[in-house]
K.L.:
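One structure, as structure tokens, below. Some questions next.
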2 protein chains.
Amino acid sequence: MTFMRIGEKPEIARLPLFRDMDDAMRERIFSGSFLQVFPPQLTLFEVGQRADFLHVLVDGAVELYAAGGGRDTTMRIVEPVTSYILAAVINDMPYLMSARTLASSRILLVPAALMREVIKQDTALMQATMHELALGYRDLVRALTDMKLRQSAERLGHYLLEYSARHGENWEFELSGEKRVLASLLGMTPENLSRAFSTLKGHGVSTSGSKIRIEDRIALSAFSRPDPVPADQR
Amino acid sequence: MTFMRIGEKPEIARLPLFRDMDDAMRERIFSGSFLQVFPPQLTLFEVGQRADFLHVLVDGAVELYAAGGGRDTTMRIVEPVTSYILAAVINDMPYLMSARTLASSRILLVPAALMREVIKQDTALMQATMHELALGYRDLVRALTDMKLRQSAERLGHYLLEYSARHGENWEFELSGEKRVLASLLGMTPENLSRAFSTLKGHGVSTSGSKIRIEDRIALSAFSRPDPVPADQR
DNA sequence: GGGTCTGCTTGATATACATCAATTCAATAG
DNA sequence: CTATTGAATTGATGTATATCAAGCAGACCC
């Protein structure tokens with residue numbers, strides 16, 4: 001694999017997507033792929049483009065967003081190490097979202113045709129892909145119900161709880177990116193995000209800048225009404 | 001297969017999900033499944049239940065909905081002949097949505113364990129499942145951007161255009177179900193749906209009861225800003 | 001240090017949409 | 001045919017969120 005450093009290959013190989021497949025096949029995928037570094041704020045691809053690569057974010061941060069009617073909306077913030085736009089690659093269809101780096105990022109680019117070819121030959125990879133897509137599907141079901149059933153401050157509260165749970169149950173943490181991106185992800189304006197934060201002050205959350213402290217998990221949970229089904233185990 | 005009539009087996013076998021698989025394997029799935037008739041307004045399953053069956057709606061109509069904070073919201077209206085809740089079955093996880101019949105419905109119930117077992121043995125079925133999930137994923141991406149970027153009347157306009165395209169490019173058609181369900185699917189109240197319809201009168205849509213006529217496709221399209229990527233071919 | 005960014009916050013106002021309440025309409029039963 | 005019921009519509013009002021407009025604070029620069 002071009003530009004690949006020691007130490008990151010095992011990290012990628014350990015991903016659920018590539019973990020169970022045949023070693024030789026995995027090597028074939030890796031040797032046909034490129035690991036590239038991109039500067040921050042760079043557009044990686046645009047809506048409508050034919051999916052040419054499966055992306056695996058190794059380091060940095062990537063934003064997936066959709067445009068329409070002059071406005072942008074963030075669909076997902078990808079954290080390392082994770083693959084994205086798998087669905088478009090599988091079906092050989094145009095991207096429904098655009099992508100840009102939020103920070104300087106190292107990304108593994110797997111040619112879509114290669115990915116599709118190896119999937120056909122390696123059942124374990126196909127099965128892992130299927131599982132990955134099913135999990136992604138469920139994430140989106142959650143995101144859609146979130147938008148339809150919760151109002152903005154509740155969405156923020158729910159996001160903070162999920163974020164904390166995903167990052168080692170820390171009650172105290174720092175928001176990684178800009179708040180404007182978070183606002184867009186949560187489907188609100190930056191102004192409204194500010195107000196949502198001050199609403200949450202009355203429900204067990206204290207903030208200072210981008211530092212968040214969940215002081216009363218119970219109260220926050222009661223306020224933001226957690227999903228009836230807990231988050232999927234990965 | 002229990003209760004199965006002549007004529008519907010080929011219809012199900014022709015579904016993209018089951019089309020390409022081995023005939024004997026397909027027969028194994030079918031013979032382990034049940035075709036049942038359910039009355040209207042019956043709850044088929046609830047959020048949080050472990051996925052025990054893959055459903056294939058053969059005839060009738062089914063609503064998938066999610067609850068939260070006292071309210072309900074329609075996530076999807078399933079039309080025959082289509083499978084649903086595939087993702088939960090694949091991953092052996094609890095349903096994220098509840099389901100109820102909107103009309104008297106004939107549904108094929110495929111035991112989830114059987115489905116998962118045969119998938120492991122039949123690569124063609126696995127591949128078809130993978131494709132189906134990827135398509136479903138893309139549908140949800142569209143639904144989420146729709147909610148985040150369009151306002152209510154635009155969503156209705158967009159829905160009418162898509163509906164017309166999916167049902168043989170008819171400019172004139174009748175809405176199948178109750179409007180309250182459509183309102184919930186589109187993320188608005190029934191009252192607001194009424195107002196949205198009258199807004200669309202000024203953009204090339206005329207209605208009378210549940211009869212819809214798209215008189216000016218161009219105008220409606222301009223108003224509701226179609227997706228940058230046209231709907232996936234199935 | 002002062003200045004100039006840029007992003008975040010705060011306040012005032014506008015707007016989309018929900019809610020509440022009444023009325024109309026359509027389907028059905030007697 | 002009229003009476004009854006539930007859904008759809010219409011109108012009046014309330015609320016969540018967006019928009020517009022300042023102000024404020026931390027980062028970077030000279």
Side-chain angles (χ1 to χ4, degrees), chain A residues 40-41 61 63 68-74 77 102-103 146-160 174-203 205-212 223-225, chain B residues 40-41 61 63 68-74 77 102-103 146-160 174-203 205-212 223-225:
Chain A
Q41 301 303 331
E63 178 193 9
R71 284 178 306 178
D72 265 12
T73 192
T74 305
I77 296 171
L102 291 174
D146 193 45
M147 276 302 299
K148 290 182 82 176
L149 290 175
R150 273 187 269 258
Q151 49 194 51
S152 57
E154 296 170 345
R155 287 201 296 276
L156 176 59
H158 180 246
Y159 175 84
L160 294 177
E174 187 137 6
L175 292 175
S176 40
E178 295 181 7
K179 287 196 182 168
R180 50 199 313 282
V181 179
L182 177 58
S184 177
L185 178 69
L186 295 176
M188 63 184 100
T189 58
E191 293 95 321
N192 219 340
L193 179 64
S194 269
R195 292 186 248 267
F197 267 119
S198 43
T199 300
L200 290 190
K201 284 203 177 79
H203 299 275
V205 177
S206 69
T207 63
S208 121
S210 61
K211 255 228 187 72
I212 312 291
F223 175 75
S224 40
R225 290 186 272 106
Chain B
Q41 300 302 332
E63 178 194 9
R71 283 178 307 177
D72 266 12
T73 192
T74 305
I77 296 172
L102 291 174
D146 192 44
M147 276 304 297
K148 289 181 83 176
L149 290 175
R150 272 187 269 258
Q151 49 195 50
S152 57
E154 296 169 345
R155 287 202 295 277
L156 175 59
H158 180 247
Y159 175 85
L160 294 178
E174 188 137 5
L175 292 175
S176 40
E178 294 181 9
K179 286 195 181 168
R180 50 200 315 283
V181 178
L182 177 58
S184 177
L185 176 70
L186 294 176
M188 62 183 101
T189 57
E191 293 94 322
N192 219 340
L193 180 64
S194 269
R195 292 186 248 267
F197 268 118
S198 42
T199 301
L200 291 190
K201 285 202 176 78
H203 299 275
V205 177
S206 68
T207 63
S208 121
S210 63
K211 255 226 186 75
I212 312 290
F223 175 76
S224 40
R225 291 186 271 107

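All chains are named by letter (A, B, ...) in the order of the sequence lines, taking the proteins before the strands, and each is independently numbered beginning at 1. These numbers were taken from a predicted model, which means no experiment stands behind them.
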K.L.:
NA contact type, B:Thr189, heavy-atom cut-off 4.0 Å: base, sugar-phosphate, or nothing?
P.N.:
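Since a base atom lies under 4.0 Å of B:Thr189, the category is base.
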K.L.:
Testing the basics here: between B:Lys148 and A:Thr73, what is the closest heavy-atom pair and its distance to 0.1 Å?
P.N.:
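Reported closest heavy-atom pair: CE-OG1, 2.9 Å.
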K.L.:
What is the distance, rounded to the nearest whole Å, between atom CG of B:Leu193 and atom P of C:dA16?
P.N.:
17 Å
K.L.:
If each of A:Arg71 and B:Ser198 is mapped to the nucleotide of DNA chain D with the nearest heavy atom, which maps nearer the 5' terminus, i.e. the 5' end?
P.N.:
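Its nucleotide being nearer the 5' end, the pick is B:Ser198.
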K.L.:
What is the distance from CD of B:Glu178 to C1' of D:dT5, rounded to the nearest Å?
P.N.:
13 Å
K.L.:
Look for any protein N or O under 3.5 Å of an N or O in nucleotides 22-26 of chain C and output each such pair with its distance, or none.
P.N.:
none

K.L.:
At what distance, to the nearest 0.5 angstrom, does CG of A:Leu185 lie from CD1 of A:Ile77?
P.N.:
4.5 Å
K.L.:
Is any side-chain N or O of B:Ser152 closer than 4.0 Å to OP1 or OP2 of C:dC17?
P.N.:
yes
K.L.:
So, taking the atom named CG in A:Leu160 and the one named CD1 in A:Ile212, what distance separates them when rounded to the nearest 0.5 Å?
P.N.:
5.5 Å
K.L.:
According to a strict under-4.0 Å criterion, is A:Asn192 in side-chain N/O contact with OP1 or OP2 of D:dA18?
P.N.:
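Answer is yes, contact under 4.0 Å.
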K.L.:
Would you kindly give the NZ-to-C1' distance between B:Lys201 and D:dA8, to the nearest whole Å?
P.N.:
12 Å
K.L.:
How long is the straight-line distance from CZ of A:Phe223 back to CG of A:Leu200, given to the nearest 0.5 Å?
P.N.:
5.5 Å
K.L.:
Expressed as a whole number of angstroms, how long is the span from B:Gln151:CD to D:dT17:P?
P.N.:
15 Å
K.L.:
Dot-bracket notation for DNA chain C is requested: 5' to 3', Watson-Crick or G-U wobble pairs only, both distances under 3.5 Å, with ( ), [ ], | and . as defined.
P.N.:
||||||||||||||||||||||||||||||
K.L.:
Atom CZ of A:Arg180 to atom P of D:dT19: distance rounded to whole Å?
P.N.:
14 Å
K.L.:
When we call it a touch if two heavy atoms are under 4.0 Å apart, what does A:Gly187 touch: a base, just sugar-phosphate, or nothing?
P.N.:
sugar-phosphate
K.L.:
Taking all atoms of both residues into account, what is the closest heavy-atom pair of A:Gly209 and A:Lys179, and its distance?
P.N.:
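So the minimum-distance heavy-atom pair works out to O-NZ, 3.0 Å.
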K.L.:
To the closest 0.5 Å, what do you measure between OG1 (A:Thr74) and CZ (A:Arg180)?
P.N.:
8.5 Å
K.L.:
Whole angstrom is fine here: how far is it from CG in B:Leu175 over to C1' in D:dA8?
P.N.:
13 Å
K.L.:
Using 0.5 Å steps for rounding, measure from the CG atom of A:Asp146 to the CD atom of A:Gln151.
P.N.:
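Those atoms lie 12.0 Å apart.
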K.L.:
Figure out the NZ/C1' separation between A:Lys179 and D:dA25, and round it to whole Å.
P.N.:
12 Å
K.L.:
Find every protein N or O atom lying less than 3.5 Å from an N or O atom of nucleotides 11-14 of chain C, and list the pairs.
P.N.:
from   : atom 1 : to       : atom 2 : distance (Å)
C:dG11 : N7     : A:Arg195 : NH1    : 3.2

K.L.:
Do the non-hydrogen side-chain atoms of B:Thr207 and B:Lys201 ever get within less than 4.5 Å of each other?
P.N.:
yes
K.L.:
How far does CE of A:Met188 sit from CZ of A:Arg195, to the nearest 0.5 angstrom?
P.N.:
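Going from CE on A:Met188 over to CZ on A:Arg195, the span is 11.5 Å.
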K.L.:
Which pair of heavy atoms, one from B:Arg155 and one from B:Leu186, lies closest together, and at what distance?
P.N.:
NE-O, 2.7 Å
K.L.:
May I have the distance from B:Leu182 (atom CG) to D:dT9 (atom P), rounded to whole angstrom?
P.N.:
11 Å
K.L.:
Taking all non-hydrogen atoms of both residues into account, name the closest pair between B:Ser224 and B:Gly157 and its distance.
P.N.:
OG-C, 3.7 Å
K.L.:
Do the non-hydrogen side-chain atoms of B:Ser194 and B:Glu191 ever get within less than 4.5 Å of each other?
P.N.:
no
